[in-house]
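Remember, predicted model here, so these are calculated numbers, not experimental data.
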Amino acid sequence: MADLTKPPTTTALYSWAMFPVYAWQGVRLRMRIERLLPAPVPTMGALEGNSEPVRLLVMGDSTVASVGMERLEDTLAYNIAKAINERAGWPVQWRAAGGNSATASDIRDHILPHIEERDWTHVALSVGINDMKNFHVVRRFKRDFGSLLYALRTRFPRARIIWCPIPDMRQCPALPTALGRILAARAELINAMGARMCRERGAIVTEPVPPQTGDAFARDGFHPNGNGYRIWGRHFAQWIAPPEGLSDPLPDATMPHVTPLRRAG
């Protein structure tokens, strides 16, 4: 299990001490990096199976919008649904709601209010990268992400909410070494607070997505490509359709109003 506990004070001090480097390299990167568009594909669909359906809402930032992709088969929400369907044989009705550059507050204020009322069984969240990239202080992320979890729990009380922390930014090919290290430090702070909010507010926090090689990134060197989104999809699916014998990450005895976690096998 990844260490998502509170980082030492030196992590925050290092990131703020390096802010001038972040600002300089960040501006240079913005000037030269290619700006990719969200995937022009359907934002909902269904896969057939042999039981009651999983009704999956995937919400988040440009990863949910599958920036840079052209095919449905290369998008995140589709690949989470496909991985669940293949692992467990369950039918999946899925819906993607993502915004390019969206922060936790953007998702709370501008995406969630426009999601149709449905009895979602699972809500998968990919959020935090833009809060990290924009150098939001941890206190702000606590407020924005924590209130997003409250809003989701209130609106979809029977859904299991699953958040995937920020991956290791040092693996992004587009980032200079120093910038990657600075963002990795900010991600460590954001991830620790996000995990705390999930524990306190009835959500599941996954492991971060495992390290990926250069062939899992889009041509901008920052966003995943189709291969990367398939890795993310299989990763998310482990917390919805876990391997047989894996313990329930959120026991139903402590959250009786939440849809029970079904098992493969």
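Of the possible donor and acceptor atoms, one in the side chain of Ser66 sits under 3.5 Å from a partner among the backbone N and O of Leu76. In this structure a side-chain-to-backbone donor-acceptor pair under 3.5 Å is missing from Asn79 to Ile231. Side-chain N or O atoms of Gln93 include none that pairs as donor or acceptor with a backbone N or O of Arg55 at under 3.5 Å. The backbone N or O of Gly202 sits less than 3.5 Å from a side-chain atom of Arg153, completing a donor-acceptor pair. Using a distance-only test at 3.5 Å, with no hydrogens or angles considered, a donor-acceptor pair links the side chain of Ser147 to the main chain of Arg143. In this structure a side-chain-to-backbone donor-acceptor pair under 3.5 Å is present from Gln171 to Asp168.
Between the OG1 atom of Thr121 and the CG atom of Leu57 there is a distance of 10.0 Å, given to the nearest 0.5 Å. The line from CE of Met169 to CD1 of Ile166 is 7.5 Å long, rounded to the nearest 0.5 Å. The distance from the CG atom of Leu47 to the CG atom of Leu56 is 10.0 Å, given to the nearest 0.5 Å. One finds the OG atom of Ser126 at 12.5 Å from the CD1 atom of Ile162 (value rounded to the nearest 0.5 Å). Interatomic distance, OG of Ser101 versus CG of Asn134, reported as 7.5 Å (0.5 Å rounding). Between atom CD of residue Glu207 and atom SG of residue Cys164 there is a gap of 9.5 Å, rounded to the nearest 0.5 Å.
If you chain together hydrophobic residues whose side chains sit under 4.5 Å apart, Val137 and Leu189 fall into the same group. Two different hydrophobic clusters hold Leu175 and Leu36 under the rule that ILVMFWY side chains link at heavy-atom gaps under 4.5 Å. Residues Tyr150 and Val138 do not share a hydrophobic cluster, defined by chaining ILVMFWY side chains whose heavy atoms lie under 4.5 Å apart. Cluster membership for Val41 and Tyr229, using ILVMFWY side-chain heavy atoms within less than 4.5 angstrom, is shared. Connection of Ile204 to Met193 is established within a shared hydrophobic cluster, with ILVMFWY side chains joined at heavy-atom distances below 4.5 Å, either directly or through further cluster members.
If you check the side chains of Gln238 and Arg87, you find no donor sitting under 3.5 Å from an acceptor. In this model, no donor atom of one side chain and acceptor atom of the other lie less than 3.5 Å apart for His223 and Thr63.
Using a 4.5 Å cut-off on side-chain heavy atoms (C-beta onward), Ile111 and Met59 make contact. Side chains of Lys142 and Arg196 form a contact here, defined as non-hydrogen atoms less than 4.5 Å apart. Residues Asp106 and Asn130 form no side-chain contact, since every pair of their non-hydrogen atoms from C-beta on lies 4.5 Å or further apart. Pro7 has its side chain within reach of Glu188: a pair of non-hydrogen atoms, C-beta onward, lies under 4.5 Å apart. With contacts defined as side-chain heavy-atom distances shorter than 4.5 Å, the pair Pro91/Ser51 qualifies. Put simply, the side chain of Ile84 reaches to within 4.5 Å of the side chain of Trp90, judged on heavy atoms. At a threshold of 4.5 Å between non-hydrogen side-chain atoms, the residues His122 and Val54 count as touching.
A salt bridge is defined here as a Lys NZ or Arg NE, NH1 or NH2 lying under 4.0 Å from an Asp or Glu carboxylate O, and Arg186 with Asp131 fails to meet this definition. Under a 4.0 Å N-O distance rule, the pair Arg95/Glu116 qualifies as a salt bridge. Between Asp144 and Arg108, at least one side-chain nitrogen of the basic residue sits less than 4.0 Å from a carboxylate oxygen of the acidic one, meeting the salt-bridge criterion. Under 4.0 Å is where a charged nitrogen must lie from a carboxylate oxygen, and between Arg155 and Glu117 at least one such pair does.
Counting heavy-atom neighbours within 6.0 Å of Lys133 NZ, excluding the residue itself, gives a total above 12. In this structure, Arg139 places its CZ atom where only 12 or fewer heavy-atom neighbours from other residues, nucleotides or ligands lie under 6.0 Å away.
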- Task: Would you please test His136 and Thr103 for side chain to side chain contact (heavy atoms under 4.5 Å, CB included) and show each step?
- Result: CA-CA 10 Å; His136 288 179; Thr103 62; 3.8 Å; yes
- Where do Trp232 and Gln212 land on the side chain to side chain contact (heavy atoms under 4.5 Å, CB included) test, with the steps shown first? CA-CA 10 Å; Trp232 280 52; Gln212 300 175 47; 2.8 Å; yes
- Are Ile182 and Tyr14 close enough, and set up right, to give a side chain to side chain contact (heavy atoms under 4.5 Å, CB included), and what steps lead you there? CA-CA 8 Å; Ile182 297 165; Tyr14 163 78; 4.0 Å; yes
- Message: side chain to side chain contact (heavy atoms under 4.5 Å, CB included) for Asn225 and Asp74? Distances and angles first, verdict last.
- Response: CA-CA 7 Å; Asn225 61 13; Asp74 292 332; over 6 Å; no
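The two atoms that bring Pro210 and His235 nearest to each other are CD-ND1, 3.6 Å, heavy atoms only. The two residues Pro224 and Met69 make their nearest non-hydrogen contact at O-CE, 3.8 Å. Residues Ala241 and Ala88 come closest through the heavy atom pair CB-CB, 4.0 Å. Ala185 approaches Ser15 most closely through the heavy-atom pair CB-CB, 4.3 Å. Between Ile115 and Ala97, the closest heavy-atom pair is CD1-CB, 3.4 Å. Taking each heavy atom of Ala96 and Ala77 in turn, the nearest pair found is CB-CB, 3.6 Å.
Phe145 and Trp163 have tilted rings, their planes meeting at an angle from 30° to 60° on a 0 to 90° scale. Taking the six-membered ring for Trp and thresholds of 30 and 60 degrees, Tyr22 and Phe135 have ring planes inclined between 30 and 60 degrees apart.
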